[in-house]
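See below for the structure under consideration.
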Amino acid sequence: MQNDNEPIIQVTNLTKTFGKFTAVDNISFDVKKGEVFGLLGPNGAGKSTTLRMLSTLARPTKGKATIGGFDIVKHDTEVRKLIGIVSEKMIMYNRLTAKENLWFFGSLFNIPKDVLNKRIDELLALVQLTKWKNAQVGTFSTGMRQRMNVVRALLNMPQVLFLDEPTLGLDPQSSVEIREFIKTLNRENGTTVVITTHMMVDADLLCDRIAIVDHGKIVALDTSTNLKKLISGEDTTIISLEIANLTQDLISAIRELDCVDAVTQENSLHLRIIVHGSEAFDSVIDMVRKENGKITSMQNLQPTLEDVFLHITGHQVRDAADQKIPQEHRKFGVPQKGRGR
Amino acid sequence: MRFMGAKTLLSHSSRIAWKDLTELFRNRLGLVLLVVMPLFMMVMVGFIYPSNGGGNNFPVAIVNEDSGFANTTLPSQAFIMGLQQINTQTHFLQFSNASSIEEVKSMVQRGELEGGIVIPSNFSESILTGQQGTVIVVTDQSNPQISAQIQGYSQAYVDQIGTLMAQQNVQMLNSSITQENSLPIVKPYTIQLEGIVSGSTSYFDFIAPGIMAMTVMMSVMTGLPVAISQEKEIGTMDGMMVAPINRLSIILGKTLGQTARGLIQGAIILALAVGLFGVTIHGNILLVFGLLLLGVFSFVGLGIVITSFTKDQETAQMLMMTLMFPMMFLSGVFFPIQQMPWFMQSISKFLPLTYAADALRKVMVLGAGIPEISTELIVLVVFGTVMTAIAVPVFRRMMTR
């Protein structure tokens with residue numbers, strides 16, 4: 001039997017290649033029972049592929065992983081009984097009603113009829129969809145659909161719930177609802193949650209521990225607080241500058257400074273600068289003055305996960321997301337991202 | 001244990017089939033197309049190939065160029081009267097008059113006539129001087145089918161008039177011979193057609209079973225890859241894949257759903273053939289549907305292999321159409337295989353549709369039972385078994401990549 005401290009998921013040297021492209025590069029990590037674990041990184045970093053392997057939808061090229069002690073390749077059927085998956089694409093049939101959808105997927109798990117019926121009613125009530133249970137899901141709003149998508153994964157009362165970008169394309173209100181729901185689920189049922197996201201907020205607000213993934217590798221793994229200490233500790237500081245006459249030349253000049261680790265332009269007036277050393281403030285201000293910049297406001301900021309990501313990988317989550325997925329990657333059928341809409 | 005496995009496999013498959021059919025029945029446009037497609041197919045084929053081997057009332061002009069002999073044109077007048085008399089009974093042709101063969105030709109070119117019957121200037125002379133009278137039949141070579149029909153009708157008319165004349169001549173030679181017993185002298189031999197089943201059959205009887213087999217198979221063949229790749233594309237396939245079910249139940253369920261859809265279409269065709277085109281089913285109706293099911297089984301492996309190798313709906317559909325099109329023509333659905341050149345005949349021997357259509361035809365038209373179609377049944381079972389044996393491992397591999 002599982003001990004509470006024992007990891008429910010163990011991943012060892014897991015690798016997935018598509019032709020010459022390595023989507024997941026030799027990663028290892030453990031997820032503890034009852035924990036909310038986040039995989040944070042830009043699109044194409046290998047988060048989704050990792051999740052697909054763990055949920056038995058893709059076969060690892062190399063390496064090994066177990067869930068609840070069962071090997072994901074050799075005992076995939078046992079693994080499937082333990083897990084639920086909320087994929088980025090909504091798993092539901094538009095022409096079936098909410099209830100029919102849940103009934104269909106539930107019936108694939110050999111749940112006795114009366115138990116399943118009761119559970120469907122409970123789940124629909126949980127996400128306030130009882131009123132709509134006999135309406136076809138094609139008529140639902142995106143928020144309603146995503147709530148359906150989440151409860152569908154809970155039909156078999158999984159011990160581990162995988163969520164792939166669960167707030168993608170949702171309005172802020174629906175995002176909050178989904179986050180609250182995941183939290184409640186984790187707290188009240190003790191469900192272990194593994195979530196992939198490129199949204200810093202999701203990771204920060206939800207996850208007990210976060211693995212930062214970049215180019216198929218885990219580059220950092222710790223609690224949100226500890227990750228932030230990576231930069232706020234020692235002598236690293238984050239400052240926000242408001243410059244009335246901000247120019248690209250000025251930004252490059254600041255970037256050139258030795259004490260500056262990274263510069264992000266937040267809008268037409270604001271700069272977010274990660275600096276180190278006791279002389280850093282002076283150097284930056286001197287440079288702005290030298291370039292005839294007009295400082296209208298200056299602030300010392302708390303680090304965010306975005307800063308951590310920037311600090312560790314040297315590029316922004318957004319930058320990497322804009323890079324095209326290599327051709328090879330597409331050809332071999334990695335799930336396409338549902339961008340836009 | 002094994003039994004339990006089979007039971008859950010079937011139970012999961014039927015859930016998937018139920019889901020697919022529910023979706024189908026809620027898709028109004030899809031449902032309309034489901035009925036309209038076989039309807040079009042039947043109506044078009046049924047009316048384009050008319051049931052009694054030809055149409056009637058083809059506009060044909062009669063040109064009398066007869067210049068007469070010994071001050072009389074009686075022979076040509078009698079001939080024309082004979083033509084018109086026969087036609088009032090048969091209505092195969094619709095006669096008008098024209099002045100010359102050139103006029104007939106230009107009217108055919110303009111599309112006003114389908115042909116003409118020309119009596120040449122020496123017609124009476126030939127007849128009255130003891131020679132054969134020749135009649136010229138002009139036809140539209142751009143339309144070989146109608147041309148052949150007019151040729152056939154004209155020949156029949158001329159024969160009939162000739163026989164009548166011959167009977168009169170015989171009676172004139174010997175007054176003891178009556179109208180009735182003059183016929184055996186003029187035409188000593190005649191034929192009587194005897195079919196395997198009572199009643200006459202038409203091209204439509206030949207084609208209806210084939211179309212049924214083809215539609216059902218095509219429906220399953222194109223439906224299956226689409227149904228699977230569509231679910232892969234929209235992502236719902238993952239929902240089934242993460243359930244602890246046998247991978248086979250997915251493909252089995254999909255096949256069941258598509259087969260049900262195909263059989264509905266088959267039934268529509270059958271109803272139309274019987275109700276609208278007067279096709280009589282001489283065999284057992286259950287055997288007809290059993291054969292359709294067997295046809296699907298013989299074929300479904302191919303569909304699964306194609307589904308496994310294609311990534312998206314579009315490619316699957318295109319590949320399927322490319323395969324289906326030659327199959328349609330090579331399997332003897334529209335034209336008898338015996339009319340094809342030898343190499344095509346050999347190809348058709350490797351197509352399961354050939355056997356399904358053939359067996360179905362024997363059952364529906366000739367009232368054959370299982371013993372008469374045992375060869376076809378064996379071939380279809382072997383086809384299906386081999387195909388499925390190839391398809392199942394291929395599909396399993398595809399599902400866990």
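Since the model is a prediction, treat every value here as computed from it, not as a measurement. Numbers restart at 1 for each chain; the letters A, B, ... are given by sequence-line order, proteins then strands.
Taken from OG1 in A:Thr77 to CZ in B:Arg247, the straight-line distance is 7.0 Å, to the nearest 0.5 Å. Rounding to the nearest 0.5 Å places CE of B:Met240 at 10.0 Å from CD1 of A:Ile91. The structure places CD1 of B:Ile245 at 9.5 Å from CG of A:Asn110, a figure rounded to the nearest 0.5 Å. With values rounded to the nearest 0.5 angstrom, B:Thr236 atom OG1 is found 8.5 Å from A:Phe104 atom CZ.
More than 12 heavy atoms of other residues, nucleotides or ligands shown are found within 6.0 angstrom of CD on A:Glu122. Surrounding CH2 of A:Trp132 are at most 12 heavy atoms belonging to other residues, nucleotides or ligands under 6.0 Å away. Taking a 6.0 Å sphere around CZ of B:Phe309, one finds it holds 12 or fewer heavy atoms contributed by other residues, nucleotides or ligands.
Only the side chain of A:Gln136 comes within contact range of chain B, with heavy atoms under 4.5 Å apart. Contact annotation for B:Glu231: only side-chain heavy atoms (C-beta onward) come within less than 4.5 Å of a heavy atom of chain A. For A:Ile85, the part lying near chain B is the side chain, with the backbone staying farther off; criterion is any non-hydrogen pair under 4.5 Å.
Taking 4.5 Å as the limit, every side-chain heavy atom of B:His12 sits out of range of all side-chain heavy atoms of A:Phe109. By the 4.5 Å heavy-atom criterion applied to side chains, B:Arg15 and A:Phe105 are not counted as neighbours. You'll find the side chain of A:Arg52 reaches within 4.5 Å of the side chain of B:Asp238, heavy atoms only.
Across all non-hydrogen atoms, the minimal contact from A:Lys89 to B:Glu233 is NZ-O, 3.1 Å. When all heavy atoms are compared, the tightest approach of B:Pro244 to A:Leu108 is CD-O, 4.1 Å.
The contact list for residues 19-35 of chain B toward chain A, using heavy atoms and a distance under 4.5 Å, reads B:Lys19, B:Thr22, B:Glu23, B:Arg26, B:Asn27 by residue number.
Of the residues considered (A:Glu100, A:Arg152, A:Glu78), A:Glu100 shows the highest number of contacts with chain B, using heavy-atom pairs under 4.5 Å.
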